[in-house]
Novice: 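One structure, pasted below without further comment.
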Amino acid sequence: MPTDAKEVTLCGAENTAKANAKIKGECAAKMTELPVLAFDTVVGLNDKVFGKPDSFEEAVRMFKALCGNTHEVVTAVYFAVNGKIIEKIEKTLVTFGAFDKDLVYNYVESGAPFDKAGGYNIDDSQIKPLIVAVDGDYDNVVGLPVKLTEKLIEENLIYGENGYRA
């Protein structure tokens, strides 16, 4: 469910993702008695956080910084279930090749980067030529660490101490 949570940017991708997942989760938990899963995915390079670009120029600057480097994609998971709060992190390393002006400009002009952390969707065919390596959970880069989420649900909701039995 959508919330009106106001996201923050802190020092480092992990801190930012954890804070935003918690903000979203706490906001959603006020609206329901059901278990709540909230996520936030952030792209980070060193201590710099790359959120969603606001302009063509900002998107190009992001690509210039990310290209030729390995960055991390961090997704924080906030899970409120059975009176417990569980917070986990999934990290994946993504390496981009050299900056390709034509590829990047065409991608940015398509409008694709403006609703994505780091300005890209790893599944977009236009951006695939930039991607040299993915080390870790590919689904995390897409925006949802499926294996981690399934594990949390199984351990804490389906088979957990106070969970339901399937």
Side-chain angles (χ1 to χ4, degrees), residues 1-3 5-25 27-28 36-79 86-155:
M1 77 177 80
T3 69
K6 301 294 181 217
E7 294 185 11
V8 298
T9 301
L10 305 175
C11 181
E14 187 172 331
N15 291 333
T16 298
K18 284 170 75 173
N20 287 326
K22 184 175 183 176
I23 290 166
K24 292 174 185 178
C27 189
V36 170
L37 267 167
F39 304 88
D40 192 64
T41 302
V42 176
V43 171
L45 179 63
N46 303 319
D47 283 335
K48 183 152 178 54
V49 175
F50 295 83
K52 299 171 186 171
D54 292 325
S55 67
F56 181 93
E57 294 77 19
E58 185 179 11
V60 170
R61 278 194 303 273
M62 284 183 182
F63 280 106
K64 284 183 176 178
L66 297 174
C67 286
N69 289 303
T70 298
H71 61 274
E72 64 181 0
V73 178
V74 178
T75 301
V77 181
Y78 176 95
F79 191 27
I86 300 151
E87 295 175 278
K88 298 287 184 182
I89 292 286
E90 185 73 45
K91 290 184 186 181
T92 304
L93 298 177
V94 178
T95 303
F96 277 5
F99 182 80
D100 179 323
K101 183 178 178 181
D102 290 337
L103 185 151
V104 169
Y105 277 52
N106 287 335
Y107 186 67
V108 175
E109 285 173 357
S110 77
F114 299 107
D115 65 344
K116 296 164 184 72
Y120 74 95
N121 175 345
I122 197 165
D123 281 339
D124 285 347
S125 61
Q126 288 176 283
I127 207 69
K128 290 229 184 247
L130 275 184
I131 300 164
V132 173
V134 177
D135 182 12
D137 184 356
Y138 182 91
D139 289 331
N140 182 49
V141 185
V142 174
L144 177 67
V146 175
K147 291 176 191 142
L148 173 61
T149 303
E150 286 175 340
K151 182 179 180 203
L152 288 171
I153 290 169
E154 286 175 1
E155 289 177 353

Novice: Might you confirm whether atom NZ of K101 has over 12 heavy atoms from other residues, nucleotides or ligands at distances under 6.0 Å?
Specialist: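 Open: at most 12 neighbouring heavy atoms sit under 6.0 Å from NZ of K101.
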
Novice: For C67 and A98, work out which heavy atoms get closest and say how close.
Specialist: CB-C, 4.0 Å

Novice: Would you say NZ of K116 has more than 12 non-hydrogen atoms from neighbouring residues, nucleotides or ligands within 6.0 angstrom?
Specialist: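 It does: K116 NZ has more than 12 such atoms within range.
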
Novice: Is there side-chain contact between L37 and I153, with at least one heavy-atom pair below 4.5 Å?
Specialist: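 In contact.
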
Novice: Only one of V73, T16, T9 clears side-chain contact (heavy atoms from CB on, under 4.5 Å) with V42; which?
Specialist: T16

Novice: Report the relative orientation of the aromatic rings in Y120 and F63; use parallel for angles under 30°, tilted for 30 to 60°, perpendicular for over 60°.
Specialist: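 The rings of Y120 and F63 sit tilted, inter-plane angle from 30° to 60°.
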
Novice: Where do L10 and A19 come nearest, in terms of heavy atoms and distance?
Specialist: CD1-CB, 3.6 Å

Novice: Mind checking the CE-NZ spacing from M62 to K52? Nearest 0.5 Å is all I need.
Specialist: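 So the gap between those two atoms works out to 11.0 Å.
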
Novice: With rounding to the nearest 0.5 Å, note down the distance linking CZ in F39 to CZ in F79.
Specialist: 9.0 Å

Novice: Identify, with sequence neighbours excluded, every residue that meets salt bridge (Lys or Arg N to Asp or Glu O under 4.0 Å) alongside E14.
Specialist: K91

Novice: Rounded to the nearest 0.5 Å, what's the gap from NZ on K88 to NZ on K18? Could you check?
Specialist: 10.5 Å

Novice: Taking all non-hydrogen atoms of both residues, which atom of H71 and which atom of F96 are closest, and how far apart?
Specialist: CE1-CE1, 3.8 Å

Novice: Take I122 and V142 through the test side-chain contact (heavy atoms from CB on, under 4.5 Å) and record every step on the way to the result.
Specialist: CA-CA 6 Å; I122 197 165; V142 174; 3.8 Å; yes

Novice: To the nearest 0.5 Å, what is the distance between NZ (K6) and CD1 (I23)?
Specialist: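 Rounded to the nearest 0.5 Å, the NZ-CD1 separation comes out at 11.0 Å.
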
Novice: Applying side-chain contact (heavy atoms from CB on, under 4.5 Å) to V104 and L130, what does each step give before you reach the verdict?
Specialist: CA-CA 9 Å; V104 169; L130 275 184; 4.0 Å; yes

Novice: Distance alone, cut at 3.5 Å: any donor-acceptor contact between the side chains of D123 and Y138?
Specialist: yes

Novice: Calculate, to the nearest 0.5 Å, the distance between atoms OH and CG belonging to Y78 and L152 respectively.
Specialist: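 Going from OH on Y78 over to CG on L152, the span is 13.0 Å.
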
Novice: Checking side-chain contact (heavy atoms from CB on, under 4.5 Å) for the pair V74/I89: CA distance, chi angles, key distance, verdict?
Specialist: CA-CA 7 Å; V74 178; I89 292 286; 3.8 Å; yes

Novice: Flag this pair as yes if the NZ/CZ of K64 is under 6.0 angstrom from the six-membered ring centre of F99 and inside a 45 degree cone about the axis; otherwise no.
Specialist: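 Yes, a cation-pi geometry holds between K64 and F99.
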
Novice: Ignoring hydrogens, what is the shortest heavy-atom contact between E7 and N20? Give both atom names and the distance.
Specialist: CA-OD1, 3.1 Å

Novice: Can you tell me how far apart CD1 (I131) and CG (L66) are? Round to the nearest 0.5 Å.
Specialist: 11.0 Å

Novice: Between D100 and P129, is any pair of side-chain heavy atoms under 4.5 Å apart?
Specialist: no

Novice: Show the nearest heavy-atom pair for residues V108 and F114, with the distance to one decimal.
Specialist: O-CE1, 3.6 Å

Novice: Minimum heavy-atom separation for A38 to A21, with atom names?
Specialist: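 Heavy-atom minimum between the residues: CB-O, 3.5 Å.
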
Novice: Identify which one of T41, D137, T149 satisfies the side chain to side chain donor-acceptor pair (under 3.5 Å) criterion when paired with T75.
Specialist: T41

